[in-house]
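First the structure, in the form of structure tokens, and then the observations on it.
One-based numbering, in listed order, for ligands and for the atoms of each. Any value given below was found using the heavy atoms of this structure, including those in side chains, with hydrogens, waters and symmetry copies removed. Positions are given from 1 along the sequence.
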Amino acid sequence: MTPASIADYQRIARKRLARIAFDYLEGGAEDGHTLRRNRQAFERLTFQPRVMCDVTHVDSAVTVLGRPLAMPAIVGPTGLNGLYMPRAEEDLAKAAHAAGLPFVLSSASTSLIEDVRRATAGDLWLQLYVQQNRAIAESMVQRARDANFSVLMVTVDTPVHGVRDHDVHNGFKLPLRPSVRLMADLLMHPRWCLRMIRQGGSPQLVNLARSLGERANINAQAATMSRQMDMGLDWGAIAWLRKLWDGPIVVKGILSVHDADKAAQLGVDGIVLSNHGGRQLAFAPSPIEILPRVMDRVGQRLTVIVDGGVRRGSDIAKARALGAQAVLLGRAPLYGLAASGRAGVDDVLGILRREFEITLRLLGRCQAAQLDATALDDGHRDQLARLDCS
Ligand SMILES: Cc1cc2nc3c(=O)[nH]c(=O)nc-3n(C[C@H](O)[C@H](O)[C@H](O)COP(=O)(O)O)c2cc1C
Ligand SMILES: CC(C)CC(=O)C(=O)O
């Protein structure tokens, strides 16, 4: 059967990946409440279409932070992508470029900044985790500048990892360690196992290791990465980052009007409203729920991007109608990657683009830039307020 939707790719990814990898990709914090809430928030919202408009030609392009995007979407940062395919980040970056979208490379990537740049001439952004040893961040930012990355996105919702039971059950650690459970998992997924052998075994956080200057100790560093996050990170870090980086700075992981306002006061260029795909704080709000209030407060001063649960072109239209400039795609491109490598990512991005354009036409809008609150049901604020997350 030809995959027709992101959900189809999710099903194929579930079959093809070893359980340890799929659970890491898919799982949410605690009992998955926030993960479900992200989808429910989109599903609550209904449209208010206009008919008898000439929609012969539609234009899905927008401009975000001065950069042209073929549609209001960005391939977002995800760490440890080498768990799904060898040279995963290169393929994600190439597919994003082919689709006319930026790619955000995670600082927990399994490919080097320099290798990803060699793979594509596309628009690359760097996502930064700030660790206790600030020299690591300084080195990564320098390397990203040298490699002509355009935007710095600092993630601030991860002083520690969220509670992820599935990773505990699977004994998930890098490097992957032999255990009876892992061996059984590998036997059930021989193709995945062969791919890992082909890439030289367990994926490694090579990017982080290069900036640490401890190439010999990559695995130990990967295993302890989460314990090394700088839990003392505060708003003072924005001034430090400004000294390191001349280009746009985006703060990822904002979930309140208060923090959005703070970011605007400090002069950052953009924010990503995000609960990290439901993987960090359990019972966090969904970004789409708080988007209208955030836009009221900072919409004139900041570029606002949202993520969490984007699986359909109609979701992109809803986010844009509520005022977001663009969405970040997290799991969706990874499903394509895990299912069929680069071709799968191309298809996922193509499906989202097609669905987005169909939604635009059915809403009676010719341009993505024309989407505003009038495209949504008049009661959309109530629809979000009544969210039932049982
Ligand atoms: C497997 C996985 C790894 C992730 N790694 C990172 C990361 O390294 N840095 C980061 O800022 N966010 C990371 N995220 C969060 C995503 O950037 C994004 O916020 C989230 O996935 C959006 O939700 P969605 O997956 O429902 O689209 C990760 C998410 C997933 C699913
Ligand atoms: C390596 C991790 C810190 C990546 C991440 O952000 C996540 O798993 O959600």
Side-chain angles (χ1 to χ4, degrees), residues 6-7 9-10 13 17 20-29 32 34-42 73-84 88-89 92 103-111 125-131 140 151-164 166-167 172-174 203-208 221-230 250-255 271-281 284 286-288 305-312 315-316 319 326-338 348 352:
I6 307 310
Y9 272 104
Q10 180 192 31
L17 287 180
I20 196 169
F22 186 77
D23 284 356
Y24 169 72
L25 188 175
E26 187 70 350
T34 313
L35 186 64
R36 290 192 295 280
R37 190 177 185 110
N38 286 347
R39 281 303 307 145
Q40 286 164 344
F42 277 116
I74 295 162
V75 178
T78 52
L80 316 189
N81 292 330
L83 279 171
Y84 321 121
E89 269 104 18
L92 286 163
F103 170 63
V104 192
L105 181 70
S106 165
S107 52
S109 64
T110 46
S111 297
W125 302 11
L126 178 73
Q127 177 269 327
L128 193 67
Y129 277 128
V130 180
Q131 297 189 274
M140 271 201 207
V151 174
L152 183 65
M153 181 179 282
V154 56
T155 299
V156 296
D157 59 7
T158 316
V160 289
H161 270 289
V163 176
R164 303 183 190 174
H166 46 275
D167 289 343
F172 181 82
K173 272 200 182 76
L174 284 189
Q204 301 181 334
L205 299 181
V206 290
N207 213 11
L208 183 72
Q221 294 308 331
T224 52
M225 176 177 170
S226 66
R227 270 174 268 141
Q228 296 182 345
M229 294 288 189
D230 184 353
V250 174
V251 178
K252 174 172 184 278
I254 300 280
L255 280 177
I271 54 174
V272 184
L273 300 183
S274 173
N275 59 29
H276 211 103
R279 297 161 73 81
Q280 286 297 108
L281 176 68
S286 149
I288 211 80
I305 299 167
V306 280
D307 75 11
V310 176
R311 303 288 183 269
R312 289 282 184 186
D315 299 334
I316 302 174
V327 299
L328 279 192
L329 305 170
R331 292 177 182 84
L334 299 185
Y335 296 143
L337 181 77
V348 158
L352 289 172

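The shortest N or O to N or O distance between Tyr129 and ligand 2 is below 3.5 Å.
By the side chain to side chain donor-acceptor pair (under 3.5 Å) test, Asp23 pairs with Arg19, Asn170, sequence neighbours left out. Take Tyr84 and apply the side chain to side chain donor-acceptor pair (under 3.5 Å) test, not counting sequence neighbours, and it matches no residue. Listed by chain and residue number, Glu43, Asp315 satisfy the side chain to side chain donor-acceptor pair (under 3.5 Å) test with Arg39 (two or more places apart in sequence, or in another chain).
Arg331 places a side-chain N or O within 3.5 Å of a backbone atom of Gly277 that can act as its donor or acceptor partner. At least one donor-acceptor pair closer than 3.5 Å links the side chain of Ser107 to the backbone N or O of Gln127.
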Item to complete: Please assess Val310 against Ile316 for the test side chain to side chain contact (heavy atoms under 4.5 Å, CB included), listing each intermediate value before the final yes or no.
Response: CA-CA 7 Å; Val310 176; Ile316 302 174; 3.9 Å; yes
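Geometrically, Arg279 engages Tyr24 in a cation-pi contact, judged by NZ or CZ lying under 6.0 Å from the ring centre and within 45° of the ring axis.
Atom numbering of ligand 2 starts at 1 in the shown order; those under 4.0 Å from a heavy atom of Ala108 are 1 (C). Taking a cut-off of under 4.0 Å to the non-hydrogen atoms of Arg279, the atoms of ligand 2 that pass are 7 (C), 8 (O), 9 (O). If you number the atoms of ligand 2 from 1 as listed, the ones under 4.0 Å from a heavy atom of His161 come out as 2 (C), 3 (C).
In this structure, the separation between CG on Asn275 and CZ on Arg37 is 9.5 Å, given to the nearest 0.5 Å.
Contact residues of ligand 1 (protein heavy atom closer than 4.0 angstrom to a ligand atom; sorted by chain and number): Tyr24, Leu25, Pro77, Thr78, Gly79, Tyr84, Ser106, Gln127, Tyr129, Thr155, Lys252, Ser274, His276, Gly277, Arg279, Asp307, Gly308, Gly309, Arg311, Gly330, Arg331.
Residue Arg164 touches ligand 2 through its side chain alone, judged by heavy-atom distances below 4.0 Å.
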